[in-house]
K.L.:
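Structure in structure tokens, see below.
The analysis underlying the following values was restricted to heavy atoms, covering all of them including side chains, and did not include hydrogens, waters or symmetry mates. Lettering of chains follows the sequences in order, A, B, ..., and the numbering in each one begins at 1.
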Amino acid sequence: SAVISQKPSRDICQRGTSLTIQCQVDSQVTMMFWYRQQPGQSLTLIATANQGSEATYESGFVIDKFPISRPNLTFSTLTVSNMSPEDSSIYLCSAQPRDRGEFWYGYTFGSGTRLTVV
Amino acid sequence: AQTVTQSQPEMSVQEAETVTLSCTYDTSESDYYLFWYKQPPSRQMILVIRQEAYKQQNATENRFSVNFQKAAKSFSLKISDSQLGDAAMYFCAYRTTSGTYKYIFGTGTRLKVLA
């Protein structure tokens, strides 16, 4: 199955600044998904990124706050813009394999980015 | 819209004993996939087991098995011979069969394993 390298693993940022999180996959994938996870809680989908098109955002999330890039089939970035302490959370990416066998088996996840905004 | 419910925020099990984590879901689709993921403190999401809705046979993976009741929309996870390494958050997930094939996650169950 695909392996995802997610960077940074953690960061402490000043309010009002932006942070870009990167996910690099070791094989080509179709959709990439970005999640937010508050400590001890479930994963909330922010948006879905398909190569060559604009990301699709879930209710409550907007492109100005969470711009996403998907320049090719192995890479995506999520930017958390104009950060406030409420943005402190864990952010994870996930990838949907192109291989149909792997697709039906399940998706892999990055190891997450723990963001603290001060 | 589909929903996934995990009614047990926290469970405890004695080492070597068996524990069952509950999950119910709501959907109007007839074909879909269900998953259990484990998230240890490392934050890495690890696939534990999956079930295709069109298969009546319950999935098993070593010490992990599911009780899939399609009519009741229930998908529980049984962990046998619990080990200390099983301690983690467990998330039940539903995957849509249309659109982007995204996951819908339950709220999670924290499993503690007592030595």
Side-chain angles (χ1 to χ4, degrees), chain A residues 1-6 8-10 21 23 29-51 53-59 61 68 70 89-98 100-115, chain B residues 1-10 21 23 25 31-55 59 61 64 66 75 77 87-112:
Chain A
S1 57
V3 176
I4 301 176
S5 174
Q6 183 171 344
S9 60
R10 60 178 61 226
I21 302 167
C23 278
V29 296
T30 49
M31 300 293 181
M32 291 190 72
F33 304 92
W34 287 96
Y35 295 89
R36 183 172 70 185
Q37 184 181 25
Q38 305 284 5
Q41 296 189 20
S42 187
L43 285 73
T44 300
L45 183 63
I46 297 171
T48 302
N50 196 7
Q51 192 260 337
S53 61
E54 271 198 16
T56 301
Y57 288 82
E58 298 296 306
S59 176
F61 298 96
I68 287 171
R70 182 78 200 277
S89 191
I90 295 167
Y91 293 85
L92 297 104
C93 65
S94 177
Q96 183 183 92
R98 292 188 80 192
R100 297 311 284 180
E102 288 192 28
F103 170 83
W104 294 118
Y105 190 76
Y107 303 162
T108 53
F109 287 78
S111 54
T113 296
R114 181 181 292 276
L115 171 62
Chain B
Q2 296 87 5
T3 59
V4 178
T5 302
Q6 293 179 250
S7 59
Q8 306 154 317
E10 190 172 294
L21 308 184
C23 174
Y25 58 95
D31 192 19
Y32 47 86
Y33 282 72
L34 296 164
F35 302 84
W36 278 98
Y37 276 87
K38 166 185 176 181
Q39 187 182 43
S42 67
R43 299 196 304 262
Q44 186 68 54
M45 292 286 283
I46 301 166
L47 177 64
V48 174
I49 199 165
R50 67 166 189 151
Q51 174 79 43
E52 298 100 320
Y54 64 86
K55 287 188 177 180
E61 288 284 344
F64 299 89
V66 299
F75 182 61
L77 174 69
M89 281 288 286
Y90 286 80
F91 293 100
C92 178
Y94 175 102
R95 187 169 72 188
T96 61
T97 56
S98 61
T100 59
Y101 300 93
K102 64 184 179 182
Y103 282 136
I104 298 166
F105 285 95
T107 50
T109 297
R110 181 174 300 281
L111 178 65
K112 296 183 177 182

K.L.:
Got more than 12 heavy atoms from elsewhere within 6.0 Å of CZ, B:R50?
P.N.:
yes
K.L.:
I'd like to verify something: which residue of B:Q6, B:M45, B:R95 has the highest number of heavy-atom pairs under 4.5 Å with chain A?
P.N.:
B:R95
K.L.:
How long is the gap from CD on A:Q37 to CE on B:M89, to the nearest 0.5 Å?
P.N.:
7.0 Å
K.L.:
Is there a side-chain contact between A:Q41 and B:T107 (heavy atoms, below 4.5 Å)?
P.N.:
no
K.L.:
Drop me the distance from A:T56's OG1 to B:K102's NZ, to the nearest 0.5 angstrom.
P.N.:
9.0 Å
K.L.:
Test A:Q96 against B:Y101 for side chain to side chain contact (heavy atoms under 4.5 Å, CB included), laying out the working first.
P.N.:
CA-CA 9 Å; A:Q96 183 183 92; B:Y101 300 93; 3.5 Å; yes
K.L.:
Please look at B:Q39 and chain A and tell me whether the side chain, the backbone, both or neither of the residue comes under 4.5 angstrom of a heavy atom of that chain.
P.N.:
side chain
K.L.:
With a 4.5 angstrom heavy-atom cut-off, which part of A:S111 approaches chain B: side chain, backbone, both or neither?
P.N.:
both
K.L.:
Checking B:F91 against chain A: side chain, backbone, both or neither under 4.5 Å from a heavy atom?
P.N.:
side chain
K.L.:
Just checking A:E54: does its CD atom have more than 12 heavy atoms from other residues, nucleotides or ligands closer to it than 6.0 angstrom?
P.N.:
no
K.L.:
When you measure from the side chain of A:S42 to the backbone of B:G108, do you find a donor-acceptor pair of N or O atoms at a distance under 3.5 Å?
P.N.:
no
K.L.:
Is the centre of the A:Y107 ring less than 6.0 Å from the centre of the B:F35 ring?
P.N.:
no
K.L.:
Ring centres under 6.0 Å, that's the criterion: do A:Y35 and B:Y103 meet it?
P.N.:
no
K.L.:
Are B:R43 and A:S9 close enough, and set up right, to give a side chain to side chain contact (heavy atoms under 4.5 Å, CB included), and what steps lead you there?
P.N.:
CA-CA 10 Å; B:R43 299 196 304 262; A:S9 60; 4.2 Å; yes
K.L.:
Under 4.5 Å from any heavy atom of chain B, what part of A:T30 do you find: side chain, backbone, both or neither?
P.N.:
neither
K.L.:
Do you know which two heavy atoms are closest between B:T100 and A:F33, and how far apart they sit?
P.N.:
O-CZ, 3.5 Å
K.L.:
Tell me, for A:L43 versus chain B, whether the close heavy atoms (under 4.5 Å) come from the side chain, the backbone, both or neither.
P.N.:
both
